[in-house]
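Contents: one structure, followed by commentary.
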Amino acid sequence: MTIWVPQLPATGVRYRALADAIGDAIASGELDEGMRLPPQRRLADALSVTVGTVTRAYAEAERRGLVEARVGSGTYVRGRQSTATFRQTGMQADAGCVDLSLSLPPPHPDRPRGLGEALEAIHHDPQALMQAVDYQSEQGMFRHRDMLARWMTRLGLPVDAEELMITLGGQHGITLALQALAQPGERVAASALTYPGMIAAAQQLHLKPLRVPLDEGA
């Protein structure tokens, strides 16, 4: 029986070269979605490499989202368009449609006005200008964290300023949380209709998104 055997470069790290070859074969259509990769020992013999090299290559390809290992069955191609079990949905909003694909606040004149007033205040505050162009602590400015801690405490969520970290928006926070809690190749679960930034962050970090179906009350 003929098996898929790629041509590997003569130099370089062998397992990475094999993982690259798997990716190239999927992109070109040589390996189709759902195809089973050759058994590790057979491919190792065909390439004159160790079984451990093929094992590491398959694991690297899985980390990249190219294949998936099925216990007791083998390793299968996930396909060029199947690196996530859910996808971002977008649509062109019109007068009769409310676009919920992004979590944006409703339009209001106070938003641009408030931004303008804040920028104007910074413009006339030399100390604020200096802080804006200087490097800050990775946790964020203490006075900001202290203000948030006191506000959260008044809401019944007591927290110390040293326990807080200021992020550059929700997307930054999601990415940091995923980096702290998950390793490349691991699975993360989210609802079937979820924030697009969550999908993007999971894909960037080489995580495997799992879709949780919604019930009638969602």
Side-chain angles (χ1 to χ4, degrees), residues 64-65 80-184 186-218:
R64 299 180 188 180
R80 286 166 287 179
Q81 303 298 327
S82 61
T83 57
T85 55
F86 47 39
R87 61 186 176 86
Q88 180 172 335
T89 300
M91 57 185 173
Q92 185 67 37
D94 54 36
C97 173
V98 177
D99 185 0
L100 299 179
S101 63
L102 293 175
S103 55
L104 298 174
H108 195 282
D110 283 349
R111 292 179 60 210
R113 185 185 305 118
L115 176 60
E117 292 174 355
L119 293 175
E120 184 67 19
I122 293 174
H123 174 68
H124 293 289
D125 186 341
Q127 183 179 4
L129 279 174
M130 184 61 66
Q131 290 176 337
V133 298
D134 198 5
Y135 284 104
Q136 308 295 336
S137 166
E138 64 274 9
Q139 285 184 268
M141 301 174 77
F142 177 79
R143 65 186 183 90
H144 292 164
R145 290 184 283 119
D146 184 58
M147 185 183 302
L148 284 172
R150 287 187 279 110
W151 176 67
M152 293 175 66
T153 300
R154 288 198 302 270
L155 294 177
L157 301 170
V159 65
D160 189 86
E162 293 300 331
E163 299 178 84
L164 298 177
M165 173 179 287
I166 306 296
T167 66
L168 302 176
Q171 186 63 44
H172 184 206
I174 291 171
T175 302
L176 287 178
L178 290 176
Q179 285 178 317
L181 298 173
Q183 296 293 323
E186 292 184 340
R187 293 174 170 83
V188 293
S191 61
L193 293 177
T194 193
Y195 179 53
M198 165 65 184
I199 302 173
Q203 291 175 336
Q204 280 186 329
L205 298 174
H206 302 288
L207 301 173
K208 300 175 182 177
L210 296 179
R211 179 176 58 190
V212 178
L214 300 174
D215 58 23
E216 295 180 356

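Not measured: the values here are computed from a predicted model.
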- Heavy-atom pair of closest approach, residues Val188 and Ala202: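 Answer, listing the atom of Val188 first, then Ala202: CG2-CB, 4.2 Å.
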Calculate, to the nearest 0.5 Å, the distance between atoms [atom1] and [atom2] belonging to [X] and [Y] respectively.
| X | Y | atom1 | atom2 | answer |
| --- | --- | --- | --- | --- |
| Met198 | Leu178 | CE | CG | 5.0 Å |
| Leu115 | Asp110 | CG | CG | 12.5 Å |
| Ile174 | Gln179 | CD1 | CD | 12.5 Å |
| Leu129 | Asp134 | CG | CG | 12.0 Å |
| Arg187 | Leu207 | CZ | CG | 11.5 Å |
| Met141 | Met147 | CE | CE | 10.0 Å |

- Who are the side chain to side chain donor-acceptor pair (under 3.5 Å) partners of Arg150, not counting sequence neighbours?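 Partners of Arg150 by the side chain to side chain donor-acceptor pair (under 3.5 Å) criterion, ordered by chain and then number, come out as Asp146.
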Tell me, do [X] and [Y] make a side-chain contact under 4.5 Å, heavy atoms counted?
| X | Y | answer |
| --- | --- | --- |
| His123 | Leu119 | no |
| His144 | Leu164 | no |
| Thr175 | Thr167 | no |

- Which pairs pass salt bridge (charged side-chain N to carboxylate O under 4.0 Å, His left out) with one or both residues in residues 156-180, sequence neighbours excluded?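 For residues 156-180, and leaving out neighbouring residues, the salt bridge (charged side-chain N to carboxylate O under 4.0 Å, His left out) pairs sorted by first residue read Arg145-Glu162.
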